[in-house]
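Numbered from 1 within each chain, the chains take letters A, B, ... in sequence-line order.
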Protein chains: 2
Amino acid sequence: MTTSKVYIETFWQIHRMIEEAGLQPGDRLPSERELADRLRVGRSSVREALRALELLGLIETRRGEGTFMKPFGDHQLIQLLGSFILQGNREKRDLIETKMFIERMCLQLACERLTDEKLEHIARAEHTYDLFFQRVVEATDNYLLLRIWLVLNDFFEHVYTLTLPSEFYEQMWTALQKRSCEEATAIYEQYVMQKMSKAN
Amino acid sequence: MTTSKVYIETFWQIHRMIEEAGLQPGDRLPSERELADRLRVGRSSVREALRALELLGLIETRRGEGTFMKPFGDHQLIQLLGSFILQGNREKRDLIETKMFIERMCLQLACERLTDEKLEHIARAEHTYDLFFQRVVEATDNYLLLRIWLVLNDFFEHVYTLTLPSEFYEQMWTALQKRSCEEATAIYEQYVMQKMSKAN
DNA sequence: GAAGTTAAGTGGTCAGACCAGTGGCGACCA
DNA sequence: TGGTCGCCACTGGTCTGACCACTTAACTTC
């Protein structure tokens, strides 16, 4: 009311600055020190504002290089999911259930849309669950879905570590190569869902 | 995997602390200085982590008083995020595709878990798409899924208005009453997906 | 007992220092 | 000439200590 918080003010000023300068994805923002200087606020306030912009997915910071506009029209609605974090086992169950459902959904979509190029990309992925599956989700060509999955996976990693045998990755890749939705789903259920049901 | 940035680590540590202490809405968190002391990081890092939690709607800070758990149910973030949406066609496609997929997922889950009480609740819902479907999603008993759907729906409403004939609601309710996943899915595809494919 | 004062604690902000990466520029060498 | 190496300026990341504005509660005073 009386004095609005500086970092909020700064947030909007930077946001306006981005709009007025017409910054495009990949473009660089002024350095934190210069922003602080220009807006006549402390660097810490600038940083708190930048954190918000980062969380919203508008910018990306790279140490030693600078702050950049993030690629893709990245409406970060999904971050809202963060509000679910309020404690409890029930939320964990919900998280696992939702994540598995979405992953199966992605497998289906991937089978429909998979290009040879994307297939190659998946093949080259390391045999860790998150890296492998990220490429599968990318193959769906649905950026929103990717965002949702990334958030779910991020939370998931703080709860469990999922390691699967090499056969899983090999069989899954074979199924994807054949674009066989049924086969991919079956493999997923056999390995992942079985393992997660035991973990509960 | 390993996040080198302190403020991200701190974010998760505070989050864990909230969980383990079982903090409820309205409860107070330790002061910034105490958190910094306890987690052995600088106060500025604590503040950047708190900013993130605040943006996610988990906490609320009151100058001179402290930091408190926030009651959930706040839509303020959605409004904030709303100012960032620059709707491209690709994003629309992703939104519609994802929302429809999730709704079908919810139909499946609802058929598995639907209680008579929830069924009644659905029956009493008005015949508007969002109100009807919200109750369906609620019937899945998965709060995370509900959160995701609410966000998707919120944005969806800024793009389209979906009106369906009464038959849809009646047929759907009949299918749910029978707990028939196949039937419900078929009705969904017949009415919703058909209509949306034309809208594109 | 009530009103006013004080002191301690809290979030908000700033300035300055240092660390750790990045990248460009110039000196040096083959 | 062409390449390489190393220096240095600049960037984000972090910490510290200081001060302000505000709240609360204990204390003093009438």
Given [N], is OP1 or OP2 found less than 4.0 Å from the side-chain N or O atoms of [X]?
X: A:Thr67; N: D:dT11; answer: no
X: B:Arg47; N: C:dG11; answer: no
X: A:Ser45; N: C:dG12; answer: no
X: A:Arg28; N: C:dG23; answer: no

| request: Taking atom types as modelled, find out whether B:Trp149 and B:Gln134 have a side-chain donor-acceptor pair closer than 3.5 angstrom. | output: no

Rounded to whole Å, how long is the line connecting atom [atom1] of [X] with atom [atom2] of [N]?
X: A:Ile14; N: D:dG12; atom1: CD1; atom2: P; result: 11 Å
X: A:Glu65; N: C:dG23; atom1: CD; atom2: C1'; result: 9 Å
X: B:Glu32; N: D:dT16; atom1: CD; atom2: P; result: 15 Å
X: A:Glu9; N: C:dC14; atom1: CD; atom2: C1'; result: 17 Å
X: A:Leu29; N: D:dC10; atom1: CG; atom2: C1'; result: 16 Å
X: A:Lys5; N: D:dA21; atom1: NZ; atom2: P; result: 16 Å
X: B:Ile8; N: D:dG12; atom1: CD1; atom2: P; result: 16 Å
X: A:Asp37; N: C:dA15; atom1: CG; atom2: C1'; result: 12 Å

| Atom CD of B:Glu117: over 12 foreign heavy atoms under 6.0 Å | no

| said: Under 3.5 Å, is there any donor-acceptor pair linking the side chain of B:Arg33 to the base of C:dG11? | reply: yes

| task | Classify the side chain of B:Arg43 versus the base of D:dG17 as yes if they form a donor-acceptor pair under 3.5 Å and no if they do not. | result |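 When only heavy-atom distances are counted, B:Arg43 does not reach the base of D:dG17 through any donor-acceptor pair under 3.5 Å.
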
| task | Would you indicate what A:Gly64 reaches in the nucleic acid, counting non-hydrogen atoms under 4.0 angstrom: base, sugar-phosphate, or nothing? | result |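 Base contact - A:Gly64 has a heavy atom under 4.0 Å of at least one base atom.
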
| request: Have a look at B:Ser31 and say if it touches a base, only the backbone sugar-phosphate, or nothing, with a 4.0 Å heavy-atom cut-off. | output: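 The residue B:Ser31 makes sugar-phosphate contact but no base contact.
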
| task | Choose from D:dC22, D:dT11, D:dT16 the nucleotide whose nearest atom is closest to any side-chain atom of B:Arg63. | result | D:dC22

| query | With respect to A:Arg43, which candidate in A:Glu48, A:Glu34, A:Glu32 satisfies the salt bridge (charged side-chain N to carboxylate O under 4.0 Å, His left out) definition? | reply |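 Only one of A:Glu48, A:Glu34, A:Glu32 forms a salt bridge (charged side-chain N to carboxylate O under 4.0 Å, His left out) with A:Arg43, namely A:Glu32.
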
| message | For A:Arg124, give me all partners under side-chain contact (heavy atoms from CB on, under 4.5 Å), at least two apart in sequence or on another chain. | response |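 Expected list: A:Glu120, A:His121, A:Arg135.
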
| field | Side chain to side chain, A:Glu60 and A:Glu54, heavy atoms closer than 4.5 Å | value |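 Counting from C-beta outward, A:Glu60 and A:Glu54 never come under 4.5 Å.
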
| task | Mind checking the CZ-CD spacing from A:Arg104 to A:Gln108? Nearest 0.5 Å is all I need. | result | 8.5 Å

| Tell me the salt bridge (Lys or Arg N to Asp or Glu O under 4.0 Å) pairs involving residues 20-29 of chain A, sequence neighbours left out? | A:Arg16-A:Glu20

| task | Can you tell me which stems DNA chain D forms, taking runs of 3 or more consecutive Watson-Crick or G-U pairs with both distances under 3.5 Å? | result | C:1-30 with D:1-30

